[in-house]
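Structure record follows, encoded as structure tokens.
Because the structure is predicted, anything quoted here is derived from the model rather than measured.
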Amino acid sequence: MTRNIIIDTDPGQDDAVAILLALSSPEVNVLGITAVAGNVPLALTQKNARIVCELAGRPDTLVFAGCDAPLNRPLVTAEHVHGKTGLDGPQLAAPTMPLQDQHAVDWIIETLRAAPANSVTLCPLGPLTNIATAITRAPDIKSAIEEIVLMGGGFFEGGNITPTAEFNIYVDPDAADIVFTSGLPLTVMPLDVTHKALTTKPRIDAFRAMGTEVGHMTAEWTDFFERFDMEKYGSEGAPLHDPCVIAYLIRPDLFTGRHINVEIETKSELTLGMTVADWWRVTDRAPNCTFMGDIDADGFFALLAERLARLG
Ligand code: RIB
Ligand code: CA
């Protein structure tokens, strides 16, 4: 059964690999890609999204620019991880495919209003500003949303931008709070999972060995992207965060988690953006998401390699 999805993204090398996985997998039908400010400013994330679609041989993909700043806070970016362009690593030509004129939030609302009930899965891979803006401005669109599957948060792993917060949630905690209290079916891929999906050298070599431009670019991106995490965590490779969202749609069996309550810290400057996950169910707060805790990493990378090899 093919899933209709909207990818909301802030490319980002790991977002790029997630988009490539989606565009090479028949299990998902990408209705459109909406860019949001995050890893780098919006002018770059919308450009990068188009670069990746062209790399995938899909210049027909609808790409929209959305919100250029969080709801109530100044934008925090992550060039220290992704480089100045957001896709540092290989040399990249500017995209030639068009950016759609419509604002991403308007398109999300219009698309969901025209969609049957429970027929579209939203896949946020960056700060949740676009998604929160859409469901706040048009609460009626919730009926068309089958599920939200997002990359964000962390519990056992703590944070990656502050001691307690993961980047996507930290950048726009108010947007995250709107999504986590929306009542919509929510599946969360936190650092607890993505830190187990490491781009080790054999895995990067497998991308390079494809002998395709997609394989080369993916290897170059992950080579660049991993230096930050290896320095910080001393890990053998970088966590390939965002592709976990798309892999879940294709092979949910690769992941295990718990249906628990997760709330977002939106007030304290010390723990702003923390996903307060009631993993041990010590409160009576109602469960509001499936919070993933483990991944079959070998199975995940085997899926990635098999699918990306389908692209030229
Ligand atoms: O914390 C990891 C997340 O922040 C990933 O989505 C990465 O692309 C950045 O957006
Ligand atoms: Ca991202």
Notebook entry, point to check: Shortest non-hydrogen contact from V30 to A22?
Noted result: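 For V30 and A22, the tightest heavy-atom pair comes out as CG2-CB, 4.0 Å.
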Check: So F207 and F301, would you call those rings parallel, tilted or perpendicular, with 30° and 60° as cut-offs?
Finding: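 Judged by the thresholds at 30° and 60°, the geometry between F207 and F301 is tilted.
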Next item on the list: On the 0 to 90° scale, with breaks at 30° and 60°, tag the H241-H195 ring pair as parallel, tilted or perpendicular.
Entry: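 Ring orientation, 0 to 90° scale: tilted.
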No-hydrogen, no-angle side-chain donor-acceptor test under 3.5 Å, [X] and [Y]:
{"X": "T45", "Y": "N48", "answer": "no"}
{"X": "R310", "Y": "S24", "answer": "no"}
{"X": "D15", "Y": "T9", "answer": "yes"}
{"X": "T187", "Y": "E147", "answer": "yes"}
{"X": "D8", "Y": "T34", "answer": "yes"}

Margin query: Name the residue from V120, V28, L31 that meets the side-chain contact (heavy atoms from CB on, under 4.5 Å) definition with I5.
Written below: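 Among V120, V28, L31, the one meeting side-chain contact (heavy atoms from CB on, under 4.5 Å) with I5 is V28.
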Item checked: Heavy atoms of other groups near D253 CG, more than 12 under 6.0 Å ->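 Yes, the 6.0 Å shell around CG holds more than 12 heavy atoms from other groups.
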Margin query: Check K196 with E157, please: is the shortest side-chain N to carboxylate O separation under 4.0 Å?
Written below: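 So E157 does not pair with K196 through a salt bridge.
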Margin query: Between K201 and D223, does any side-chain N to carboxylate O distance fall below 4.0 Å?
Written below: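 The answer is no: the pair does not qualify as a salt bridge.
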Rounded to the nearest 0.5 Å, what's the gap from [atom1] on [X] to [atom2] on [Y]? Could you check?
{"X": "Y170", "Y": "L272", "atom1": "OH", "atom2": "CG", "answer": "6.0 Å"}
{"X": "T121", "Y": "I7", "atom1": "OG1", "atom2": "CD1", "answer": "11.0 Å"}
{"X": "T162", "Y": "M274", "atom1": "OG1", "atom2": "CE", "answer": "9.0 Å"}
{"X": "L198", "Y": "R203", "atom1": "CG", "atom2": "CZ", "answer": "7.0 Å"}
{"X": "F64", "Y": "R50", "atom1": "CZ", "atom2": "CZ", "answer": "12.5 Å"}
{"X": "I204", "Y": "L240", "atom1": "CD1", "atom2": "CG", "answer": "9.0 Å"}

